[in-house]
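Below is one structure, written out as structure tokens; comments come after it.
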Amino acid sequence: MSESEMALSAGQSGHGAFMEPSPYGIQSKKLTMWLFIISDAVTFGAILMVFSYLRAGTPNWNAPFRFSPSIINGMVMTFVLLTSSLTMLGAVEAAKAGRKAASLKWLGGTVLLGTLFAVLHIREWFHMFDEGWRLFQNPTGGPVIFGAAFFSITGLHLMHVISGVIALIVIAIGYSTDWLDANHVETTGLYWHFVDLVWMFVFPLVYLMNASR
Amino acid sequence: MESDTSSRMKSYVGIWIGLICIAGIEVFLTYRNFPVHELLAFLLVLAFIEAGIALMYFMHLKYERPSLFWSLIPTVLFVLLMMNQIWPDAYRLAKLKLLIQ
């Protein structure tokens, strides 16, 4: 095909005429989210590995989490986050089926559950502050690195949850005003499920492995 | 369409219950007084099962083209496996600290 023919073809059918179809059969925004998720998974993998390294390499490591309130609080947080994944699925399914009102209700439920998770998490942090825990302060006399490791990991996860709640609110507003579509809801859902997936590792490795028995 | 959505939601609820049960098993095992390394192995296996279920069903990776799965998941697993070279040094450090004490 000559250059003039190609230009004519582009004029008739847009730039798509020169583009190959996606090898994954998904939209670029969804692929971008997947790439972000795997890079973030490696980040969390590294930080959890460092936590495990410190734990294995420190003989007098702390196990400060009592069943009540810490582990019970962690179980409630797990339940809340898992349930928010279910409501997110409801939002995605309703959006794909074109039921906008139902999708927005499910999104609202997800936002509420995400906010509840963040509140429970922050409440636990304040409880630990009251006991004397700080980034570089251990009230039990054990290794000071415990506080730094704990607050870094849970803080990074909490930041993801808060970012997710903000993203969900923006998506809900955009979707309700037809500025965004069902694909945006699905892509944001991927992120939200990833936040849940990370918690599936944070809860056993950071809380349960450090439960006082 | 409506019935498809309804049946998918029912299967999601089943998976959600399964994930909550796995989290419950993790807490149960924590208080069974296993040695630390055994407990870590149990919890990691259960966490990977939970993550796999969430990835395949909640994140719909099961319903995407296999090329997406094979491009993403082995890469992440390879990187995570490569990070495991830290363990000998962690145990060396622990032994060293015990000797000093």
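These numbers come from a predicted model, not from an experiment. The chains referred to below are lettered A, B, ... by the order of the sequence lines, with proteins before strands, and numbering in each begins at 1.
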Please find the pair of heavy atoms, one from [X] and one from [Y], that lie closest to each other, and give the distance.
X: A/Pro59; Y: B/Ala94; value: CG-O, 3.6 Å
X: A/Leu197; Y: B/Ala54; value: CD1-CB, 4.4 Å
X: A/Ile37; Y: B/Met59; value: CD1-CE, 3.7 Å
X: A/Pro204; Y: B/Ala47; value: CG-CB, 4.3 Å
X: B/Leu19; Y: A/Met200; value: CD1-CE, 4.1 Å
X: A/Met49; Y: B/Trp87; value: SD-CZ2, 3.9 Å

Check the surroundings of atom [atom1] in [X]: do more than 12 heavy atoms from other residues, nucleotides or ligands lie under 6.0 Å from it?
X: B/Lys95; atom1: NZ; answer: no
X: B/Tyr63; atom1: OH; answer: yes
X: A/Lys105; atom1: NZ; answer: no
X: B/Tyr57; atom1: OH; answer: no

[X] portion near chain B, given a 4.5 angstrom heavy-atom threshold:
X: A/Ser212; value: backbone
X: A/Ser22; value: backbone
X: A/Leu31; value: side chain
X: A/Phe194; value: both

As an exercise: rank [options] by heavy-atom pairs under 4.5 Å with chain B and give me the winner.
options: A/Leu86, A/Leu35, A/Leu54; result: A/Leu86
options: A/Phe67, A/Tyr207, A/Phe203; result: A/Phe67
options: A/Ala46, A/Ala94, A/Gly189; result: A/Ala46

Subject >> Option in B/Leu43, B/Thr30, B/Leu93 with maximal non-hydrogen atom pairs under 4.5 Å from chain A >> reply: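 Most heavy-atom pairs within the cutoff with chain A belong to B/Thr30.
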Measuring only between side-chain heavy atoms, which start at C-beta, is [X] closer than 4.5 Å to [Y]?
X: B/Leu44; Y: A/Leu205; answer: yes
X: B/Trp16; Y: A/Thr87; answer: no
X: B/Ile73; Y: A/Ile38; answer: no
X: B/Met83; Y: A/Val42; answer: yes
X: B/His60; Y: A/Leu190; answer: no

**OP:** Can you tell which part of B/Glu64 gets under 4.5 Å to a heavy atom of chain A, answering side chain, backbone, both or neither?
**Re:** side chain
**OP:** Return the orientation label for the B/Phe58 and A/His193 ring planes: parallel under 30°, perpendicular over 60°, tilted otherwise.
**Re:**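 Taking A/His193 first and then B/Phe58, their aromatic rings sit tilted (interplane angle of 30° to 60°).
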**OP:** Please list, in residue-number order, every residue in residues 70-85 of chain A that has a heavy atom less than 4.5 Å from any heavy atom of chain B; write 'none' if there are none.
**Re:**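 Only A/Ile71, A/Met75, A/Thr78, A/Phe79, A/Leu82, A/Thr83, A/Ser85 of residues 70-85 of chain A have a heavy atom under 4.5 Å from chain B.
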